[in-house]
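Only one structure is covered here, and it is reproduced in the block below.
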There are 2 protein chains.
Amino acid sequence: MEIETATQAFSALSQGARLATLKMLIKAGPRGASAGEIAEAMKTPPPTMSFHLKELERSGLVHARKEGRRVIYSADYGGVRELIDFLLADCCGGDRRLCGPYVVIKESA
Amino acid sequence: MEIETATQAFSALSQGARLATLKMLIKAGPRGASAGEIAEAMKTPPPTMSFHLKELERSGLVHARKEGRRVIYSADYGGVRELIDFLLADCCGGDRRLCGPYVVIKESA
DNA sequence: TTGATTATTCTATAATTATAGAAGTATGGA
DNA sequence: TCCATACTTCTATAATTATAGAATAATCAA
């Protein structure tokens, strides 16, 4: 993962509403939630939430799909995992003081 | 980890110079590096670097100690690990789609 | 003590990000 | 075709963050 991609993702998570949104969407699973549901859950006006959702999407952490007249957002598991991988591998370089409690099982290619 | 602590840490990592600094300090190990060495390595003027280092320290990702007239910064392994834990546990809730490739070995209490 | 070194704080300015009302764009139903 | 719904984009403003020179503080060495 490029360092610029990583900073962009961290930037997306540096805001309470966005971090809470990602958490909510991970809990929601692949079914996701509509922009309106999210805005209501976050007690945030639609235009503000739309801004935040776009930020999360731009960072590759969530995915948007259109269903009728609503836009359904769901967590982008690949993107989130890439970020975790970046922290554990690229950034921390597999340092045992950091990765010690985690065992990385390489998936068969 | 409080959500506010997490957003603060993500904010610290949302800036290229700071993310690169943390990476450098993790590589450097417990010996760390002085503010001047870091500023030079990052090709950043001392006041700007000082600002960034303070930000990293405030977020609990690095630690500062004074040695003579220089200030030595080193990675705060505990802080970094807490952030990784937050992503894997608090945020992702141990979701297998995210944590799948990692096995968390609980340390004996 | 004087001067050089190392780093931080002060300050001002530039740049970016957040907020949310108003306006605009689909979509679906009566 | 109209109207309501569901969002997004436009726009303006507020708030925060980044940058770096100038000034200041602390340490060491001659």
Side-chain angles (χ1 to χ4, degrees), chain A residues 3-25 28 31-76, chain B residues 3-25 28 31-76:
Chain A
I3 198 162
E4 220 187 272
T5 311
T7 53
Q8 166 62 51
F10 288 131
S11 175
L13 299 181
S14 72
Q15 216 274 355
R18 287 195 296 253
L19 185 50
T21 297
L22 180 63
K23 196 171 173 174
M24 171 187 170
L25 289 179
R31 189 168 296 115
S34 73
E37 288 171 328
I38 298 169
E40 195 183 13
M42 297 300 149
K43 298 184 210 307
T44 301
T48 302
M49 201 63 239
S50 197
F51 166 83
H52 288 313
L53 286 167
K54 206 163 86 175
E55 205 59 21
L56 283 167
E57 196 189 10
R58 192 161 75 91
S59 308
L61 297 171
V62 309
H63 170 257
R65 68 178 189 273
K66 210 157 184 232
E67 275 186 14
R69 62 184 134 182
R70 46 193 61 181
V71 177
I72 308 296
Y73 287 90
S74 54
D76 185 323
Chain B
I3 198 161
E4 220 185 271
T5 311
T7 54
Q8 166 62 50
F10 287 132
S11 175
L13 298 181
S14 72
Q15 216 276 352
R18 288 195 296 251
L19 184 51
T21 297
L22 181 63
K23 195 171 173 173
M24 170 188 170
L25 290 179
R31 189 167 296 116
S34 73
E37 288 172 326
I38 298 170
E40 195 182 14
M42 297 300 149
K43 298 185 211 304
T44 301
T48 302
M49 200 63 239
S50 198
F51 166 83
H52 288 313
L53 286 167
K54 207 163 87 174
E55 204 61 19
L56 283 167
E57 197 188 10
R58 193 162 75 92
S59 309
L61 297 172
V62 309
H63 170 257
R65 66 178 190 273
K66 212 159 182 229
E67 275 187 12
R69 62 184 132 183
R70 45 193 62 181
V71 177
I72 308 295
Y73 287 90
S74 53
D76 185 323

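Just so it is clear, the structure is predicted and the values come from calculations on it, not from any experiment. To find a chain, count down the sequence lines: A is the first, B the second, and so on, and within it residues start at 1.
Rounded to an integer number of Å, the gap from A/E37 CD to D/dA6 P is 10 Å. C/dA20 atom P lies 15 Å from atom CE of A/M42, rounded to whole Å. Spacing between atom CD1 of A/I72 and atom C1' of C/dT27 amounts to 13 Å, rounded to whole angstrom units. Between the CD atom of B/E40 and the P atom of C/dT6 there is a distance of 11 Å, given to the nearest Å. Atom C1' of nucleotide C/dT6 and atom NZ of B/K54 are separated by 17 Å, given to the nearest angstrom. Whole-Å rounding puts the B/M49 CE to C/dT9 P distance at 14 Å. Atom CD1 of A/I38 and atom C1' of D/dA6 are 13 Å apart (whole Å).
The listed nucleotides are C/dA20, D/dT8, C/dT8; the one nearest the side chain of B/S50 is C/dT8. Checking D/dT9, D/dT8, D/dC7 against the side-chain heavy atoms of A/R70 singles out D/dC7 as nearest.
The closest side-chain heavy-atom distance from A/L61 to A/L13 is below 4.5 Å.
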request  = Could you walk me through whether A/M49 and A/T21 pass the side chain to side chain contact (heavy atoms under 4.5 Å, CB included) test, one step at a time?
outcome  = CA-CA 9 Å; A/M49 201 63 239; A/T21 297; 3.2 Å; yes

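Taking side-chain N and O atoms only, A/Y73 has no distance below 4.0 Å to OP1 or OP2 of D/dA6. Applying the 4.0 Å criterion to OP1 and OP2 of D/dA6, one finds that A/S34 has every side-chain N and O outside that range. Within the 4.0 Å cut-off from OP1 or OP2 of D/dA20, at least one side-chain nitrogen or oxygen of B/T48 is found.
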Please tabulate the protein-to-nucleotide N/O contacts below 3.5 Å involving nucleotides 15-17 of chain C, giving atom names and distances.
none

So which protein nitrogen or oxygen atoms get under 3.5 Å of nucleotides 21-26 of chain D's nitrogens or oxygens?
{"unit_1": "D/dA26", "atom_1": "O3'", "unit_2": "B/K66", "atom_2": "NZ", "d": "3.2"}

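Among all heavy-atom pairs drawn from A/M42 and A/A17, the shortest one is SD-O, 4.1 Å. Across A/V62 and A/Y73, no two heavy atoms sit closer than the pair CG2-CD2, 4.0 Å. Between A/G16 and B/T7 the shortest heavy-atom distance is N-CG2, 3.7 Å.
With sequence neighbours left out, A/R31 forms a salt bridge (charged side-chain N to carboxylate O under 4.0 Å, His left out) with no residue at all. Scored by the salt bridge (charged side-chain N to carboxylate O under 4.0 Å, His left out) test, A/R69 finds no partners at all (sequence neighbours excluded).
The salt bridge (charged side-chain N to carboxylate O under 4.0 Å, His left out) contacts involving residues 50-62 of chain B comprise B/E55-B/R58, where partners must be two or more places apart or lie in separate chains. Counting only residues at least two apart or in different chains, salt bridge (charged side-chain N to carboxylate O under 4.0 Å, His left out) contacts with residues 11-23 of chain A are absent.
Nucleic acid contact class of A/T44 (heavy atoms, under 4.0 Å, all strands): none.
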